[in-house]
J.: 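Dropping the structure in here first, questions after.
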Amino acid sequence: MGFFQVELTKNVRVHPRHFHSKLKETLIQTLMDEVEGTVSGRFGFVVAVLEVVQPLPKGILREGWGFAVYPLKYKALVFRPFKGEVLDAIVTNVTRHGIFAQVGPLTIFVSRHQIPSDMTHDEETASYVSVVEKAERIQRDSAIRLRVNGIKIDASSFTAVGTILDDYLGLVE
Amino acid sequence: MSNRSRLPSGLRSVQLVPEQEDATTLQLGEDFSSEKAQPLTISEVFILLSRKRDMMRELEGPRADEFSSVFKKFLEYVERFDRYKGLEAATNVRNLLQRYDNLDPFEMACLANLCPADAEEAKTIIPSLKHKIDDSSLNQLLQDLSSFTH
C-alpha cells in the first residue's frame with residue numbers, strides 16, 4: 001500500500017582523493033546523497049537507503065579519468081503509488097474545484113466531481129460540509145480516505161488524482 | 001508500449017505510467033511483484049525512519065539534520081497514521097498477518113494500514129480480497145488486528 005522495500009543498484013563514482021581507509025564510508029554516504037529524496041516513474045520516491053548489500057563490489061577504474069565506479073546494490077524504502085489503491089491523505093487546500101491532499105510529498109487532487117454531491121463547498125471556511133451531517137466537514141488538515149484514480153509522472157515528481165465517491169471513503173479519524 | 005513518437009513535442013517529457021497497473025487486481029508490475037518488493041506497514045515505516053533519524057542525530061556536525069524534504073514529509077505522514085505504535089505492536093501485527101498465507105503481502109499491508117471495521121468494508125476497499133478469504137475468517141483477522149491498535 002504505497003511503501004515497499006526494494007533492492008536497487010546504482011553506479012557510484014568516487015574521486016581518487018577518497019582512496020584511503022574511509023573509502024567505504026564515503027561510498028555509502030555518496031550513495032545516500034545521490035539517491036535519497038529522488039523520484040522516478042519506475043520506483044517512486046526513494047525515501048531512505050536501508051542497507052548496502054555486503055560485501056561491497058570492487059571498483060572499476062575509468063581509463064583516462066582516474067575515477068572508480070562502484071556498482072552498489074542496496075535496499076531502499078520507496079513510496080510508489082498505484083492506481084486503484086485506497087489510502088489516507090492529509091488535506092492541504094480546499095477550493096470550489098476540489099480538494100488537494102498530501103501523502104508525504106505526493107499531492108493528490110480530488111475534483112469536485114469526485115466528491116459526493118451531498119457535500120457542499122463552503123467558501124467562508126474553505127471546506128466541504130455534509131448537508132446531512134453538519135459535523136462532517138473536510139478542511140485543511142483533515143484526514144481523508146481516498147482511492148487513487150490516476151497517476152502521472154513529469155520531469156521531477158508524481159501527481160495523482162483520486163476520488164472519495166465510493167463507500168467507506170471520505171473523512172477519517 | 002511507448003507512445004512518445006505520437007505525442008506533440010511539448011508533451012514528450014511526460015512519462016505515462018503503464019496502463020496495465022491496477023492495485024484492485026494486484027497488478028503492480030514486475031518491479032513490485034512479491035518476489036522483488038516487500039510491502040511495509042505504516043508502523044514499520046515509522047520505526048525505520050525514526051531509527052534513521054536518530055542515527056543521523058548522533059552524528060555531530062552539519063549532517064545531523066540534513067534530511068531531504070521527501071524524508072521529512074513521509075516521516076510526518078507515518079507518524080500521523082501509525083495505528084499500532086511501537087515495535088512490539090508492529091511485530092505482533094506482522095506475525096498475525098503472515099499466518100494468512102493465502103493473502104498477498106500487498107493485501108496484508110493494506111489491511112494493517114487501513115484497519116477496516118469489518119469484512120464488507122475490507123472487501124470494498126481492497127477488492128482483490130473478495131474471493132480469497134471467507135467473511136468470518138476475515139472478521140476474525142480484523143478483530144485481532146484492532147486489538148493491537150492504540
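Hydrogens, waters and symmetry mates play no part in the numbers below; they use all other heavy atoms, side chains included. Below, chains carry the letters A, B, ... as their sequence lines are ordered, and counting in each starts from 1.
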J.: Look at A:V148, A:V86, A:V6 and state which one has the largest set of heavy-atom pairs under 4.5 Å with chain B.
T.: A:V86

J.: Could you check B:E21 against A:R80 for side chain to side chain contact (heavy atoms under 4.5 Å, CB included), going step by step and ending with a plain yes or no?
T.: CA-CA 12 Å; B:E21 285 177 7; A:R80 169 65 151 86; 2.9 Å; yes

J.: Heavy-atom pairs under 4.5 Å with chain B - which of A:V46, A:V103, A:L50, A:T38 has more of them than the others?
T.: A:V103

J.: Please answer: with hydrophobic residues joined when any side-chain heavy atoms are less than 4.5 Å apart, are A:V35 and A:V14 in the same cluster?
T.: yes

J.: For A:R147 and B:T24, work out which heavy atoms get closest and say how close.
T.: NH1-CG2, 3.5 Å

J.: For A:Q54, look at atom CD and say whether over 12 heavy atoms of other residues, nucleotides or ligands are found less than 6.0 Å away.
T.: yes

J.: If you count heavy-atom pairs under 4.5 Å between each of B:P39, B:S68, B:P127, B:A109 and chain A, which one has the most?
T.: B:P39

J.: Looking at A:R145, A:E36, A:E7, which one has more heavy-atom pairs under 4.5 Å with chain B than the rest?
T.: A:R145

J.: Indicate yes or no: at least one non-hydrogen side-chain atom of A:F3 is less than 4.5 angstrom from one of B:Y77.
T.: yes

J.: Is there a side-chain contact between B:D31 and A:F43, using heavy atoms and a 4.5 Å cut-off?
T.: yes

J.: Less than 4.5 Å to any heavy atom of chain A: does that hold for the side chain of B:R80, its backbone, both, or neither?
T.: both

J.: If Ile, Leu, Val, Met, Phe, Trp and Tyr residues are connected whenever their side-chain heavy atoms lie under 4.5 Å apart, and connections chain through other members, are A:L31 and A:V53 in the same group?
T.: no

J.: State, with a plain yes or no, whether a side-chain heavy atom of B:V45 is found less than 4.5 Å away from one of A:L77.
T.: yes

J.: Under a 4.5 Å heavy-atom cut-off, does chain A meet the side chain of B:P105, its backbone, both or neither?
T.: neither

J.: Pick one of side chain, backbone, both or neither for B:L48, based on which atoms fall under 4.5 Å of a heavy atom in chain A.
T.: side chain

J.: Looking only at heavy atoms, which of residues 106-113 of chain A get nearer than 4.5 Å to chain B?
T.: none

J.: Check for me, please, whether B:L114 and A:L165 land in the same ILVMFWY cluster - side-chain distances under 4.5 Å, paths through other members count.
T.: no

J.: Between B:E76 and chain A, which part of the residue has a heavy atom less than 4.5 Å away: side chain, backbone, both or neither?
T.: neither

J.: Taking the side chain as every heavy atom from C-beta outward, state whether B:Q20 and A:K83 have any pair of such atoms under 4.5 Å apart.
T.: no

J.: Against chain A, work out which of B:V78, B:I126, B:T124 has the most heavy-atom pairs shorter than 4.5 Å and name it.
T.: B:T124

J.: Check this for me, if you would: do A:R42 and B:E30 make a salt bridge, where the nitrogen-to-carboxylate-oxygen distance has to be below 4.0 angstrom?
T.: no

J.: Is A:V172 reachable from A:V129 through a run of I, L, V, M, F, W or Y residues, each pair having side-chain heavy atoms under 4.5 Å apart?
T.: no

J.: What about A:V161 and A:V39, same hydrophobic cluster or not, with Ile/Leu/Val/Met/Phe/Trp/Tyr joined at side-chain heavy-atom distances under 4.5 Å?
T.: no

J.: Would you say that B:F32 contacts A:V78 through its side chain, given a criterion of any heavy-atom pair below 4.5 Å between the two side chains?
T.: yes

J.: Could you tell me which residues in residues 88-96 of chain A have at least one non-hydrogen atom under 4.5 Å from a non-hydrogen atom of chain B, sorted by residue number?
T.: A:D88, A:A89, A:I90

J.: May I ask you to test the A:Y168-B:E120 pair for a side-chain heavy-atom distance under 4.5 Å?
T.: yes

J.: Closest heavy-atom contact between B:A23 and A:G84?
T.: CB-C, 3.9 Å

J.: Is A:M32 close to B:K52 at the side-chain level, that is, under 4.5 Å between some pair of heavy atoms?
T.: yes

J.: Given that the side chain runs from C-beta out, which part of B:L75 has a heavy atom under 4.5 Å from chain A: side chain, backbone, both or neither?
T.: neither

J.: Taking all heavy atoms of A:G37 and all of B:V70, pick out the closest pair and write down the distance.
T.: O-CG2, 3.5 Å

J.: Which distance, rounded to the nearest 0.5 Å, do you find between the CZ of A:F79 and the CG of B:L40?
T.: 12.0 Å

J.: Looking at CD of A:Q102 and NZ of B:K73, how far apart are the two atoms once the value is rounded to the nearest 0.5 Å?
T.: 6.5 Å

J.: Looking at side-chain heavy atoms only, is the closest gap between B:D22 and A:E85 below 4.5 Å?
T.: no

J.: Answer with side chain, backbone, both or neither: which region of B:F74 has an atom nearer than 4.5 Å to a non-hydrogen atom of chain A?
T.: both

J.: Under 6.0 Å from the NE2 atom of B:H131, do we count more than 12 heavy atoms belonging to anything else shown?
T.: no

